[in-house]
Amino acid sequence: MDTKLISPPKSPAYKALLRAGPNLKPLQQVHAHIVVSGSHRSRSLLTKLLTLACEAGSILYTHRLFFSVPNPDSFLFNSVIKCSSKFGFPQHTVFFYHTMLGFRIPPSSYTFTSVIKACADLSALGLGKGVHSHVVVCGCGSESFVQAALVSFYSKCGEFGVARKVFDKMPERTVVGWNSMISGYEQNGFSREAIELFNEMKELRVEPDSTAFVSVLAACSQLGALALGCSVHDEVTKKGLYINVALGTSLINMYARCGNVSKAREVFDSMNERNVITWTAMISGYATNGYGTQAMELFAEMRAHGPRPNTVTFVAVLAACAHTGLVKEGRQVYASMRQEYGLVPGVEHHVCQVDMLGRAGLLNEAYQFIKELSPGEAAPPLWTAMLGACKMHKNIDIGVTVAEHLLEVEPENPGHYVMLSNIYALAGRMDRVEMVRNMMKGRSLRKRVGYSTIDVNQKTYLFSMGDKSHSETNEIYQYLDELIWRCREAGYAPERESVMHEVEEEEREYALRYHSEKLAIAFGLLKTKDVEAIRIVKNLRMCEDCHSAIKFISVVTKREIIVRDKLRFHHFKDGSCSCLDYW
DNA sequence: GTAGGGTTAG
């Protein structure tokens with residue numbers, strides 16, 4: 001018989017607390033009983049009550065309970081520090097930590113782990129450094145739990161070198177220690193380093209757990225590395241790991257962000273537990289891949305039997321409406337945010353609305369929307385969305401006004417200059433184009449360099465515009481020229497080079513035909529078999545000329561081409577694109 | 001006579 005079952009019975013009051021659980025009203029009722037029965041002097045009961053109150057989300061009640069105890073001991077302090085950190089009240093954790101020090105109660109490694117986590121949640125670098133010194137003084141510097149927390153803290157504060165230093169000095173690296181560093185890399189955008197470290201860990205015979213897989217899958221998502229992501233999924237399956245919510249969601253996100261939506265849906269359907277994040281990931285996956293209708297269907301299902309949507313869910317749904325031209329639906333969804341769910345739309349939601357109206361050609365309405373929303377100064381992202389719409393619909397007048405305004409407010413943002421110069425180019429005002437370029441140069445603003453990557457035989461190849469660094473450069477350029485020629489025969493008309501149509505900041509001195517995505521596609525076509533789809537990841541948005549050219553390439557080569565750009569996916573097949581040219 | 005930590009997903 002299990003010995004745990006014959007542990008001594010708890011007091012009735014304690015059992016009542018357990019029954020109440022982390023629910024405020026029942027807890028307060030039990031509290032009243034405790035007071036009436038005179039057992040409110042019991043530390044143990046109050047400690048349990050306090051942690052449950054905190055878990056219930058009432059930090060106020062937690063404070064009241066804490067200060068009802070005359071001489072709090074280290075046990076009570078550690079409890080309140082731990083639960084406030086765990087249940088999302090990091091600033092209170094710091095407060096209780098300072099109070100503890102004021103009471104001259106020595107902190108332990110248990111105290112430190114919670115406090116460091118709180119500092120990480122607050123991104124409070126200075127504060128955390130102070131705690132770190134204290135850790136060393138107290139002789140807790142070599143505790144593996146404390147070290148893992150420190151690694152995570154430093155990387156969340158962007159102090160990468162320090163995080164790595166702490167990691168390198170760990171005497172014994174638990175899987176959690178590795179995970180801290182791997183996720184640190186991943187969250188700071190160093191996906192390749194994250195994957196490298198993951199492999200290094202396995203070589204040292206540390207078994208990855210589901211958390212490790214979550215991080216490495218996130219790294220694959222960032223890179224758009226489908227083949228690698230699939231092999232990680234295989235590994236998860238072979239290990240027989242249970243697909244918990246985080247792992248499943250991470251898989252969905254990986255497949256969606258690598259362009260394989262149906263596989264993402266397969267994972268979604270196979271999961272035992274799903275939460276808001278899971279649903280949002282799937283909806284957003286549909287939205288970014290151009291499946292607006294499916295996104296709306298899943299959202300309807302979520303409203304009917306899924307978890308309650310939150311503000312992030314609404315960003316995904318509104319983006320789906322904007323990108324698919326579902327104006328009527330978008331208006332309804334936007335209104336329902338407040339009316340049905342009591343959620344307050346934020347800047348991201350407003351941007352989606354402006355984007356939606358603007359793309360649909362309702363420029364005046366979009367303009368009105370911004371004006372009514374912010375009688376004073378509107379947020380730059382709203383004007384940026386408006387500007388995109390002006391360029392799309394070639395509305396030079398509003399476009400120039402908006403762009404000039406943006407240049408005033410954000411003179412450091414190179415994107416605004418590029419947009420303005422593009423609008424001038426559209427209007428044929430080449431003198432103005434030159435002027436804007438000179439302004440940029442004068443302010444020594446650098447444009448972002450565009451590049452595209454493609455994976456062939458598990459190797460990643462990177463191309464930038466006019467790139468000639470590749471060993472097979474001649475072959476690639478020759479093939480691309482031939483390809484473009486075949487496209488022209490099929491009806492492709494390149495954009496006139498005198499008009500700069502590039503959405504992003506690529507040099508116009510280079511011919512449009514050597515944009516990085518075209519180079520990567522040519523390389524992919526040369527190197528892979530006829531049946532495979534070509535998958536490209538681009539760091540910026542695609543220009544209209546490339547978009548049009550790739551449609552023709554998909555016809556003349558009879559290949560499916562999938563391009564992930566900065567914002568979303570383009571699935572090219574038989575001469576059309578999943579974005580329906582509405583991007 | 002009270003618990004037990006650090007890492008993870010949109």
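Lettering of chains follows the sequences in order, A, B, ..., and the numbering in each one begins at 1. These numbers come from the heavy atoms of this one structure, side chains and all, not from hydrogens, waters or symmetry mates.
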Protein-nucleotide distance (A/Leu150, atom CG; B/dT7, atom C1'), rounded to Å | 13 Å
Go through the side-chain N and O atoms of A/Asp234 and A/Thr237 and say whether any donor and acceptor fall under 3.5 Å apart.
-> no
A/Lys86 atom NZ is separated from B/dA3 atom P, nearest whole Å, by 12 Å
Per A/Val312 side chain, nearest of listed nucleotides B/dT8, B/dA3, B/dG10 = B/dG10
For B/dG10, does either OP1 or OP2 sit under 4.0 Å from a side-chain N or O belonging to A/Asn253?
-> yes
State, to 0.1 Å, how close A/Val245 and A/Arg274 come at their nearest heavy-atom pair, and which atoms those are.
-> CG1-CA, 4.1 Å
Stacking check: are the rings of A/Phe145 and B/dG5 less than 5.5 Å apart at their centres and under 30 degrees in tilt?
-> yes
Is a side-chain N or O of A/Ser85 found less than 3.5 angstrom from the main chain of A/Ile81, in a donor-acceptor match?
-> no
Under 4.0 Å between a side-chain N/O of A/Gln147 and OP1 or OP2 of B/dT7, yes or no?
-> no
Check every atom of B/dT2, B/dT8, B/dT7 against the side chain of A/Phe75 and return the nucleotide holding the closest atom.
-> B/dT2
Provide, to the nearest angstrom, the distance between the CG atom belonging to A/Asn244 and the C1' atom belonging to B/dA9.
-> 9 Å
How is A/Ser183 classified with respect to the nucleic acid when contacts are heavy atoms under 4.0 Å: base, sugar-phosphate, or nothing?
-> sugar-phosphate
Ignoring hydrogens and angles, tell me if any N or O in the side chain of A/Asn289 forms a donor-acceptor pair with the backbone of A/Tyr291 under 3.5 Å.
-> no
Just how far, in rounded Å, is C1' of B/dT2 from NZ of A/Lys15?
-> 17 Å
Between A/Phe112 and A/Phe145, is the ring centre distance below 6.0 Å?
-> no
N or O in side chain of A/Lys156 less than 4.0 angstrom from B/dT8 OP1/OP2 | yes
Of the nucleotides B/dA9, B/dG5, B/dT8, which has the atom closest to the A/Thr249 side chain?
-> B/dA9
Nucleotide nearest A/Ser152 (side chain, heavy atoms from C-beta), chosen from B/dT7, B/dA3, B/dA9 = B/dT7
Atom CG of A/Leu217 and atom P of B/dT8 are separated, to the nearest Å, by 15 Å
On a plain distance test, is the side chain of A/Thr174 in donor-acceptor contact with the base of B/dG6 below 3.5 Å?
-> yes
Below 3.5 Å, does any donor atom in the side chain of A/Asn310 face an acceptor in the base of B/dG10, or the other way round?
-> yes
Provide the closest heavy-atom pair for A/Tyr61 versus A/Ala53 in the form atom of the first, atom of the second, distance.
-> CD2-CB, 3.6 Å
For A/Arg173 and B/dG6, what is the distance between atoms CZ and C1' respectively, to the nearest whole Å?
-> 16 Å
So, is A/Gln187 near the phosphate of B/dT7, with a side-chain N or O under 4.0 Å from OP1 or OP2?
-> no
For the side chain of A/Thr113, counting heavy atoms from C-beta on, which of B/dG5, B/dG1, B/dT7 is nearest?
-> B/dG5
B/dG6 P sits how many Å from A/Lys117 NZ, rounded?
-> 6 Å
Just checking A/Ser180: base, sugar-phosphate only, or nothing, at a heavy-atom cut-off of under 4.0 Å?
-> sugar-phosphate
From the options B/dT2, B/dG5, B/dA9, select the nucleotide whose nearest atom is closest to the side chain of A/Val214.
-> B/dA9
Here the distance between atom C1' of B/dA9 and atom CD1 of A/Ile277, to the nearest Å, is 6 Å
Ranking B/dG10, B/dT8, B/dA3 by distance to the side chain of A/Ala246, first place goes to B/dT8
Looking at every strand, decide which applies to A/Ser144 at a 4.0 Å heavy-atom threshold: base, sugar-phosphate, or nothing.
-> base
Determine whether any donor atom in the side chain of A/Ser109 lies under 3.5 Å from an acceptor atom in the base of B/dG5, or the reverse, and answer yes or no.
-> yes
